[in-house]
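Atom set for the values below is all heavy atoms of this structure, side chains included, hydrogens, waters and symmetry mates excluded.
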Amino acid sequence: MPTAKGDGMRGLAVFISDIRNCKSREAEVKRINKELANIRSKFKGDKTLDGYQKKKYVCKLLFIFLLGHDIDFGHMEAVNLLSSNKYTEKQIGYLFISVLVGSSSELMKLVVQSIKNDLAGQNPVHINLALHCMANIGSRDMAEALGPEIPRLLVSGDRTDAVKQSAALTLLRLLRSSPDVIPMGQWTSRIIHLLNDQHMGVVTAATSLIEALVKKNPEEYKGCVSLAVSRLSRIVTSSYTDLKDYTYYFVPAPWLSVKLLRLLQNYPPPEDASVRTRLTECLETILNKAQEPPKSKKVQHSNAKNAVLFEAINLIIHMDADPNLLVRACNQLGQFLQHKETNLRYLALESMCLLATSEFSHEAVKKHQDTVITALKTERDVSVRQRAVDLLYGMCDRSNAEEIVGEMLEYLETADYSIREEMVLKVAILAEKYAVDYTWYVDVILNLIRIAGDYVSEEVWYRVIQIVINRDDVQGYAAKTVFEALQAPACHENMVKVGGYILGEFGNLIAGDPRSSPMVQFQLLHSKYHLCSPNTRGLLLSTYIKFINLFPEIKHNIQEVLRSNNNLKNPDVELQQRAIEYLQLSTVTSADVLATVLEEMPPFPERESSILAKLKKKKPTVAEPTDLKEHKTPTAPHTAEAANSDGPVAAVQVPLTPPKGGGGGASADLLGLDSQPSAPAGGSATDFLVDVFGGGSSPAATNGLDPSGLTPGSEDNFRKFICKHNGVLYENDLVQIGIKSEYRQNLARIGVFYGNKTTFRFTNFTADVSCPGQLSSQLMVQPKPVDTAVDGGAQVQQLFNMECISEFSESPLLNISFVYSGSSQRLCLKAPVMVNKFMEATEMNAEAFFQRWKALSQPDQESQRIFKAQFSQDTEQSKQKLLGFGVSILEGIDPNPDNFVSAGVMHTRNQQIGCLVRLEPNRQAQMYRLTVRSTKGSVSQTVCSLLESQF
């Protein structure tokens with residue numbers, strides 16, 4: 001706001017002085033009310049007010065508003081000031097509008113018209129005032145009415161640099177608030193070439209705008225790469241005297257340099273060799289300058305210099321292509337690990353976490369292991385300690401796993417409470433991933449429970465049970481170790497859970513020692529019984545019934561416990577029912593039947609670790625360790641039906657989980673009348689060991705949707721359908737949804753099965769498939785009706801006929817709603833219909849393949865990804881995935897026998913789209929390079945994304 005004195009507004013100066021001289025709040029309010037009354041009377045009664053007087057009174061209203069008082073008049077007078085040709089009057093009018101007029105105000109139409117008049121004029125000062133007002137308000141109405149005018153100002157040859165700079169920033173504001181309104185296609189080339197503008201302010205503003213446009217449509221703006229590299233090169237090779245007006249404490253144009261480096265991180269390394277070489281020279285120059293003695297001792301110099309350096313390192317990490325640059329970046333970051341500035345230590349650790357994931361720089365990062373461990377123990381700032389934990393996790397491999405896990409366990413005893421749970425997850429993952437001797441893994445997990453029992457989530461102790469069951473060589477050791485751990489005076493409840501489960505399954509392996517005889521095991525576990533929660537007591541009761549099978553000699557002692565009033569008359573219905581049914585089972589069945597019902601749990605089928613899944617959910621940006629194990633300890637599917645897809649499943653094994661609620665449900669399970677493992681009908685309170693069978697707790701029924709509009713937890717199952725047609729798409733406590741589908745060229749028939757898992761009827765049941773946005777014109781869906789009621793325990797089927805009209809990248813949505821016990825339930829799932837489902841495998845010889853491969857060499861026809869393997873790089877499994885995806889396996893095509901070459905044809909209504917795939921595994925680095933070429937670039941990108949998720 002202009003000063004009252006400088007602008008000659010004596011009345012405003014006097015009013016401000018009066019306010020400052022008020023001795024109390026009451027006096028200030030009284031003076032303000034007096035002034036408001038005077039201004040109101042002037043606006044209403046005096047028709048001869050000139051522009052100066054209106055400006056003065058509007059300024060007073062602005063000052064009163066800034067003091068915290070509401071202003072409910074004067075808006076029209078401010079709008080009238082916009083038509084003035086005097087700068088100060090127009091400036092105050094725009095300022096008042098920007099601060100006090102909402103985007104929904106009825107006056108906005110008048111404001112928009114005034115802005116349009118100023119933009120159409122030739123006065124650059126007035127144009128800038130109008131642009132600033134638009135940028136401050138940024139309403140959709142403004143974007144619709146004035147948006148098309150801004151790009152014209154931006155690329156006009158007769159506008160001043162100040163106008164271009166303001167236009168770029170205004171356009172950026174409008175794009176953020178209303179991205180669908182501003183037409184940009186026709187201006188693409190001219191906006192990109194603003195990076196060559198002579199005025200550095202215009203280039204800086206244009207770079208911010210271009211980066212926003214690139215994030216929205218990278219392909220359209222990829223021409224900016226060469227220009228950005230050229231401009232960056234001119235900056236980093238110049239001296240601070242060459243860019244005197246844009247040099248900050250001897251650092252040439254640091255803000256523009258950072259913006260250009262960030263812009264380049266939206267693209268892969270440049271394909272043009274000369275551009276790539278020039279960019280490499282720029283990055284080397286930045287790294288070299290970082291080693292030079294500082295030109296100033298002031299903190300502003302080091303801040304600007306380090307800002308450019310760290311952004312350059314981020315670009316080097318993003319490109320991940322030059323081993324020399326990556327190692328140099330790692331060494332440069334290593335110098336900051338012991339810097340006196342906390343922020344620099346934090347940023348160095350954060351960037352090194354990313355470097356640890358690169359095959360080129362992983363070994364260089366490991367050289368700083370001792371420094372990082374020291375930082376973990378001595379840092380005062382918890383956020384820096386958190387990054388040190390992340391870096392240790394990222395740099396861990398087979399060669400240093402035991403040392404890093406040992407250091408993290410040692411630190412865990414004194415670690416901050418805010419990071420303990422995440423540390424526990426990381427230690428558990430590292431111990432499993434790099435365990436050569438699984439007795440070491442068991443020791444680590446039991447130590448975790450001992451040191452940080454409250455922070456050991458269910459996924460961790462579920463996982464150790466899965467591994468022990470799957471490895472015969474560690475079962476006896478696990479039973480012995482957990483038996484010894486249970487003898488500690490203070491024993492965490494999670495230890496009791498692990499001990500109860502493992503001893504119930506493998507207690508017989510240590511029963512020969514008098515110190516761990518059956519009776520001693522039983523007494524040791526039962527001594528913990530009354531101190532545990534109902535969940536753990538339920539698990540221990542299951543252990544006791546297992547003991548009756550393993551150790552008939554203590555059957556009488558266990559039956560006495562089951563028969564006690566404390567259990568038979570327990571107010572907890574789950575415990576009471578369990579005690580009654582277990583007692584009856586041990587009484588009426590023969591030894592052979594009992595042995596069959598209570599036989600040892602079978603190994604779990606292969607599945608991704610639930611601990612790793614939880615860590616990814618907790619911290620999506622976590623860097624994975626480079627060295628991935630060939631062997632993955634499996635976890636189990638959510639249901640027996642899923643496990644039964646490849647062969648029969650024993651239906652009579654009793655897991656150590658609580659029985660179902662309700663009368664008689666558990667008896668059916670225990671006697672083998674239900675092929676699915678028992679699962680509680682409630683929420684997490686009774687989810688004792690669901691994850692041992694399913695790799696994760698079964699979520700309670702919910703209507704909540706995640707930010708993408710889907711039911712939480714549905715995405716993982718959806719991805720499993722990329723390479724298969726049938727299976728369970730979603731399951732919670734109420735409903736199970738299965739899919740069975742068949743495809744023939746461009747036609748599909750999808751059968752969806754809805755199973756009611758409860759004993760109550762679902763009413764008002766509706767289900768349909770919707771195709772949002774462009775998908776409605778790319779995929780045709782014809783649904784068959786479904787029953788509006790689903791009885792308890794029943795299953796209904798619905799059929800959908802589909803036709804692929806043209807290529808598509810998104811999947812349709814399956815929307816389900818029903819009423820359960822008076823409560824409305826809603827699910828929104830991705831229907832497992834992807835572009836590859838309409839693909840047919842094609843056989844080709846080497847000559848035909850390479851001829852076609854070369855013909856599809858245009859940049860817009862190829863999509864390539866380099867990524868870390870998510871699963872074991874098993875040759876046969878990879879072949880099965882490719883065949884399931886819908887492409888062929890072409891043998892003898894690639895000179896490297898480890899590579900996979902495939903071909904397929906996608907069928908749409910009116911055309912066939914060829915697609916070629918080349919998958920190159922790097923087993924040493926546990927990486928893949930995936931290249932897809934197709935006549936349609938959109939198909940290449942979609943196929944590449946889908947395939948990446950499977951490997």
- Got a donor-acceptor contact below 3.5 angstrom from the Gln873 side chain to the Met927 backbone? yes
- Message: Quick check for you: to the nearest 0.5 Å, what is the distance between Phe850 atom CZ and Met844 atom CE?
- Response: 10.5 Å
- From Leu391 CG over to Leu354 CG, what is the distance, rounded to the nearest 0.5 angstrom? 10.0 Å
- Is there a side chain to side chain contact (heavy atoms under 4.5 Å, CB included) between Ser777 and Ile805 once you walk through the steps? CA-CA 7 Å; Ser777 61; Ile805 308 298; over 6 Å; no
- Task: Enter the distance from Ser361:OG to Leu325:CG here, rounded to the nearest 0.5 Å.
- Result: 11.0 Å
- Item | Residue list, salt bridge (Lys or Arg N to Asp or Glu O under 4.0 Å) with Glu402, at least two apart or on another chain | none
- Item | Flag side-chain contact, heavy atom, 4.5 Å: Val389 against Glu422 | no
- Taking every heavy atom of Val932 against every heavy atom of Cys915, the minimum-distance pair comes out as CG1-SG, 3.6 Å
- Query: Listed by chain and number, what are the salt bridge (Lys or Arg N to Asp or Glu O under 4.0 Å) partners of Asp894, not counting sequence neighbours?
  - Reply: Arg918
- Message: Using the salt bridge (Lys or Arg N to Asp or Glu O under 4.0 Å) criterion, which residues pair with Glu807? Sequence neighbours excluded.
- Response: Lys936
- Contact check, side chains of Asp320 and Leu326, non-hydrogen atoms, under 4.5 Å: yes
- Message: For a side chain to side chain contact (heavy atoms under 4.5 Å, CB included) check, start with the C-alpha distance between Ile737 and Val752, then their side-chain angles and the critical distance, and finish with the verdict.
- Response: CA-CA 7 Å; Ile737 301 171; Val752 186; 3.8 Å; yes
- Query: Strictly by modelled atom types, are Asp272 and Ser274 linked by a side-chain donor-acceptor pair under 3.5 Å?
  - Reply: yes
- Task: Could you tell me whether the side chains of Ser945 and Arg865 share a donor-acceptor contact shorter than 3.5 Å?
- Result: yes
- Task: Taking all heavy atoms of Val460 and all of Ala428, pick out the closest pair and write down the distance.
- Result: CG1-CB, 4.1 Å
- Query: With sequence neighbours left out, what residues match Asp473 under salt bridge (Lys or Arg N to Asp or Glu O under 4.0 Å)?
  - Reply: Arg471
- Gln864-Thr931 side chain donor-acceptor pair, cut-off 3.5 Å: yes
- Message: Against Tyr267, only a single residue in Met319, Glu219, Lys222 fulfils side-chain contact (heavy atoms from CB on, under 4.5 Å); can you say which?
- Response: Lys222
- Item | Residues forming a side-chain hydrogen bond (donor to acceptor under 3.5 Å, both in side chains) with Arg749, sequence neighbours excluded | none
- Message: Salt bridge or not between Glu432 and Arg463? Use side-chain N to carboxylate O under 4.0 Å.
- Response: yes
- Pairs touching residues 878-926 that satisfy ring pair (Phe, Tyr, Trp, His ring centres under 6.0 Å), sequence neighbours left out: none
- Ignoring hydrogens and angles, tell me if any N or O in the side chain of Arg929 forms a donor-acceptor pair with the backbone of Glu920 under 3.5 Å. no
- Item | Steps toward side chain to side chain contact (heavy atoms under 4.5 Å, CB included) verdict (Cys828, Leu814) | CA-CA 6 Å; Cys828 183; Leu814 178 59; over 6 Å; no
- Query: Does a side-chain N-to-carboxylate-O contact under 4.0 Å join Lys367 and Glu363?
  - Reply: no
- Query: Distance-only, no hydrogens or angles: does the Ser878 side chain make a donor-acceptor pair with backbone N or O of Asp874 under 3.5 Å?
  - Reply: yes
- Where Asn717 and Val728 come nearest, the two heavy atoms and their spacing: ND2-O, 3.5 Å
- Close side-chain approach of Tyr730 and Ile739, heavy atoms under 4.5 Å: no
- Message: Distance check, rounded to the nearest 0.5 Å: Asn400 atom CG versus Asp397 atom CG?
- Response: 4.5 Å
- Residues two or more places apart in sequence or in another chain: which of them pass side-chain hydrogen bond (donor to acceptor under 3.5 Å, both in side chains) with Glu803? Asn746, Arg909
- Query: Hey, is the main chain of Val939 close enough, under 3.5 Å, to the side chain of Thr942 for a donor-acceptor pair?
  - Reply: no
- What ring pair (Phe, Tyr, Trp, His ring centres under 6.0 Å) pairs are there with at least one residue in residues 912-943, not counting sequence neighbours? Phe867-Tyr928, Tyr928-Phe951
- Out of curiosity, Ser888 OG to Met839 CE, how far, rounded to the nearest 0.5 Å? 11.0 Å
- Query: Mind checking what makes ring pair (Phe, Tyr, Trp, His ring centres under 6.0 Å) contact with Phe721, not counting sequence neighbours?
  - Reply: none
- Are Leu916 and Gln861 side-chain neighbours, meaning at least one heavy-atom pair lies under 4.5 Å? no
- Query: Are Asn732 and Thr711 side-chain neighbours, meaning at least one heavy-atom pair lies under 4.5 Å?
  - Reply: no
- Task: Using the test side chain to side chain contact (heavy atoms under 4.5 Å, CB included), find all partners of Cys282 that sit at least two apart in sequence or belong to another chain.
- Result: Leu232, Ser233, Val236
- Message: Would you compute the distance between atom CG of Leu729 and atom NZ of Lys830 and round it to the nearest 0.5 angstrom?
- Response: 11.5 Å
- Query: Listed by chain and number, what are the side-chain hydrogen bond (donor to acceptor under 3.5 Å, both in side chains) partners of Arg852, not counting sequence neighbours?
  - Reply: none
- For the student: nearest non-hydrogen atoms of Ala748 and Phe838, plus distance: CB-CE2, 3.9 Å
- Message: Looking at Ser358 and Leu355, would you say the former's side chain and the latter's main chain have a donor-acceptor pair under 3.5 Å?
- Response: no
- Main-chain N/O of Arg262 paired with Asn266 side-chain donor or acceptor, under 3.5 Å: yes
- Expected output: side-chain Asn836 to main-chain Ile722 donor-acceptor under 3.5 Å: yes
- Query: Are Leu430 and Leu392 close enough that some pair of their side-chain heavy atoms sits under 4.5 Å apart?
  - Reply: no
- Item | Check: Ser863 and Val943 side chains under 4.5 Å, non-hydrogen atoms | no
- Message: Could you go through Cys330 and His368, starting from their C-alpha distance and side-chain angles, then the distance that decides it, and tell me whether this counts as side chain to side chain contact (heavy atoms under 4.5 Å, CB included)?
- Response: CA-CA 9 Å; Cys330 180; His368 302 281; 4.1 Å; yes
- If we only count heavy atoms from C-beta on, is the Asn314 to Ser351 side-chain gap below 4.5 Å? yes
- Side-chain donor-acceptor pair under 3.5 Å between Ser741 and Lys837, yes or no? no
- Query: Who are the side chain to side chain contact (heavy atoms under 4.5 Å, CB included) partners of Ser811, not counting sequence neighbours?
  - Reply: Phe718, Met834
